[in-house]
Amino acid sequence: IADLKHQKKRSVDGHPTKQVKELEIYSFKVDCKITSRFARNVVTSRVVNRANESKEALFDVQLPKTAFIANFSMIIDGVVYVGVVKEKEVAKQQYQQAVARGQTAGLVKVTGRKMEKFKVSVNIAAAKKVTFELVYEELLKRKLGKYEMVIRVKPEQLVQHFQIDVHLFEPQGIAFLDVNATFLTNDLMPIVKKTLTGKKAHISFTPTLDQQSACTSCQNTGLDGDFIMTYDVDRDLSAGNIAIVNGYFVHHFGPANLPRVPKNVVFVIDQSGSMMFTKMFQTKEALHKILDDLNTEDNFAFISFSSSFRKWKNSLIRATTANVVEAHKYVSELHAGGGTNINDPLLEAAKLLDDAHNLGQVPERSVSMIILLTDGDPNSGESNPTKIQSNVKYAINNKYNLYCLGFGYDVKYSFLEKMSIENSGIARRIYEDSDAALQLQGFYNEVANPLLLNVELQYSQNAVSDVTRSTFKQYYDGSEIVVAGRIADNDLDMFVADIRAQDANSNITMTYEVSMSEVDNITQQQQYIFGDFTERMWAYLTIQQLLQQRISVGSEEKKLLTDRARELALKYNFVTPLTSMIVTKPEEQMDQGEFLAEKPVEGDRPHQAQKYHSPSHSRISAGSYHSTSAGSYHSTSVDSD
Amino acid sequence: PHFLIAMRPPNDAVCFNIDEKPGVILNLVTDPVTGFVVNGELIGDKKTENNKKVNTYFGKFGLVYNKMELRMEITTQEIKLFHGADITRFPWSATATSTHAGFAITINKERNLIVTMGVDVTFVILLHRVWKNHPLHQDFLGFYTLDNHRFSSQTLGLLGQFYHPIDAEVFNIRPGFDQGKVDATMFVKGHKLTVTRGNQKDYRLDPKHGTDVPCWFVHNSGKGFIDGNHTDYIVSTLF
């Protein structure tokens, strides 16, 4: 920090004695607005080239995988260059033509565990500035009783104006709000300002240069990590909350104060050779924890498999203390070796559940599920993935949920994903890391406490259209159901939502009524954040669901769903797996061609698709730069920035 | 709280007050055959002036239906439904229905709760919302029986004892002590009581202002009209 002050002084004096930063990010701001769980983040970075030659500045940010990029722009010399979202194939052709002309530019597709990268580079002439602005939107998903927003911060340079500014508005009222960051020291903690008043909250983090420094009198920044905001809204056993703005509605339904529904779970555990050592150890560790968390009303069973399968018991049994103790012993004795036969143990799991239901061994009102944990492709017994999917679908027959946990990178994720979705479940990748056991437990906890069965949300007939998915087999504690749609009746006086569901003991119906005249008042409050959010949230949710539905349908229907998703993505300018964003750079930078931003797809191996070509100039990474071009430097101007 | 008992025929009504201290729990219905019990806990105003009578209302009801292992606690804040060890909690802000085999509750947002057992028993619990900054009054509840056919003839309680017909005769109508009001003699349950003609409110149709129901008012906490003394109906717990 001392250096920067001297830098300015020397410039005024006109006698620079020491080389100063050639490329400087003098402002970096993350502006986040969240309303009704929908977040719009605007990341703005302003860079100045203080060198007397052009330099390449790199804008490099990470955004959550669940977010869709909605806009990107660069302002150079007052000229705005805006990213245009195009159909993926069109964008790719345009990009490839540029590449064919020798204009290699940045095509970036990098996935991490939760985040993906967005990078763009541009040459800035001497003494010029560039402003990068990236907008991305995300519907925050409630998991384990909270919403989480992560902003990854990694400026490798001290930034004069660094700011994270979050405005939150939740019409249901904010139950709690926590802010933390992996880089927050005791000294930095008081800089995070948080105000919370009922439905509104504001968080700001604006460290000075001094406060950003990793150590006294050094130029290294200490800001490196995740800025994490978690919160939940007030909730009770009611029909939830509906936001209606500009003819679109979004309904959030996540009731509390309900008894849990017992569950029947068959754990199907891969113990093939590839699970040996760490994976097996972590699996056992997680299973021991899960066993301790089983509710005494639950029923469970284990099937372990390699080339063949082995049942722990011939039927599901209650999670009594004695049975759980016995199960711990069984888990401790699991060892890895052999091939991977996924087909037979899954069919056997379905049979175990069938028997349990037919013989009345499990409560009538209960949730039955199969949790498959595997780390590899099927290579023993039935190994044709399509055949396995069809066998499993036939055996489960829409009665139970199948959750597939793909451990590591050797699994064919798309195979597991399709199989889960076809059987009312989800697939989740378990990253091979030191916290794998925690990831497994975390997933289990999400489905550990079913509260409602057969949830149906219905809206005023003939008054709404384009409604997203509105029936759900289960509602789990800590999660939330979100339905959005369009109001088709312009003369609608009263918006009515009916919810029907079954809890552990009874059938429940709930009604939400709001008069459209009241909606105007609510809208006024919501525009405090941004006016068209409901429509964009509807579009976001619809695209997400269409993309998911595509996975488990035939080719004809797939085409229809794809066309619809693409059409919406283009209309709302979202970068999705079906669309790409093209950023045309200034003409004088044609040697760098065009920039293409794409949405990485889960299942891609990390770094696999990364193709980044950068000239050996200076690079700026979200507030950092590494100068590799020596060149003499002479400053003749004073820049108050 | 005031009690209003419909008499038929001749489509008249009898009313009485029970004056007890806040915190006292009164038994309203007990049917030993079906195992159905309703108790209500009294609340008072937020504060009272010295030597002035404490107005009391019902602030909490407890319903027990042993046959189905069901219990309900209804307060001015929420409705708790206990089923064995399970608890379901509904806020008054919800419009909701919960249906069990032969038993259902329907909550009409911020207005009332309807409890039905089969087709022969229906209760309504009304929520009376008071301006939350009112210096004296607070939210309270009302309890109405719409249908009591399924209850046995052994049903007891301040309301339950009237689920089966009783004979009452009113005669000798004469000017009363209060100007404009008439007194009469009521012959009921072997007692001769002096009753006064008055009005009491039924809030089912108009929750804010209520509807006046003309009734014969029995003095001294219904003494003579109810079986025994009103203190006989005080119980120690809500369930």
Side-chain angles (χ1 to χ4, degrees), chain A residues 171-173 175 233-242 251-262 295-298 363-366 449-458 460 475 477 494-515 518, chain B residues 35 60 63-119 121-123 125 127 129 132-133 139 207 239:
Chain A
Q172 276 171 271
V233 301
D234 291 330
R235 55 186 74 243
D236 49 29
L237 180 45
S238 65
N241 186 263
I242 298 181
H251 184 180
H252 295 277
F253 177 66
N257 301 329
L258 281 162
R260 70 186 291 283
V261 178
N295 195 289
T296 49
E297 288 183 334
D298 292 343
E364 201 178 321
R365 278 180 195 246
S366 58
N449 295 305
L451 296 183
L452 290 174
L453 309 174
N454 304 320
V455 186
E456 279 180 47
L457 296 96
Q458 293 170 340
S460 317
Y475 159 70
D477 193 19
M494 189 70 88
F495 185 88
V496 182
D498 283 317
I499 298 149
R500 291 171 199 284
Q502 296 171 342
D503 74 3
N505 309 299
S506 65
N507 296 338
I508 289 181
T509 64
M510 279 173 262
T511 306
Y512 181 100
E513 282 183 10
V514 63
S515 90
E518 276 176 44
Chain B
K60 194 188 277 186
L63 273 74
V64 181
Y65 190 19
N66 282 329
K67 210 168 148 187
M68 291 190 65
E69 288 185 30
L70 274 169
R71 285 184 299 152
M72 284 180 75
E73 183 185 293
I74 302 113
T75 65
T76 54
Q77 284 86 44
E78 64 177 356
I79 296 134
K80 278 190 211 165
L81 182 63
F82 301 83
H83 189 280
D86 292 340
I87 309 174
T88 309
R89 294 161 67 185
F90 294 91
W92 277 104
S93 59
T95 296
T97 307
S98 174
T99 318
H100 302 246
F103 180 92
I105 63 165
T106 302
I107 302 157
N108 292 305
K109 186 176 167 177
E110 297 294 331
R111 278 163 51 205
N112 59 39
L113 162 72
I114 301 170
V115 181
T116 51
M117 290 156 56
V119 289
V121 174
T122 309
F123 299 119
I125 291 169
L127 173 66
R129 280 275 188 240
K132 69 176 176 184
N133 295 321
D139 298 346
F239 296 120

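All figures in this text were calculated on a predicted structure; none of them were measured in a lab. Just so it is clear: chains get the letters A, B, ... in the order the sequence lines come, proteins before strands, and each one is counted from 1.
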Residue among Leu81(B), Asp86(B), Thr99(B) with most heavy-atom pairs under 4.5 Å to chain A: Thr99(B)
Output the option from Lys80(B), His83(B), Glu78(B) having the highest count of non-hydrogen pairs under 4.5 Å with chain A. His83(B)
When rounded to the nearest 0.5 angstrom, what distance separates CG in Leu237(A) from CD1 in Ile87(B)? 13.0 Å
Do you know which of Ala101(B), Ala94(B), Pro91(B) has the most heavy-atom pairs under 4.5 Å to chain A? Pro91(B)
Hey, is CD on Glu73(B) packed in by over 12 heavy atoms from elsewhere, all under 6.0 Å? yes
To the closest 0.5 Å, what do you measure between CD1 (Ile105(B)) and CD1 (Ile508(A))? 8.0 Å
Between atom OG of Ser98(B) and atom CG of Asn505(A), what is the distance when rounded to the nearest 0.5 Å? 8.0 Å
Spatial distance of atom CD1 (Ile79(B)) from atom CG (Asn257(A)) [nearest 0.5 Å]: 12.0 Å
With only heavy atoms counted, which part of Asp503(A) is less than 4.5 Å from chain B, the side chain, the backbone, both or neither? side chain
Leading residue by heavy atom contact count with chain B [cutoff under 4.5 Å; candidates Pro255(A), Ala501(A), Ser506(A)]: Ser506(A)
Over all heavy atoms of both residues, which pair between Lys109(B) and Glu513(A) is shortest? Give the atoms and the distance, please. NZ-O, 3.9 Å
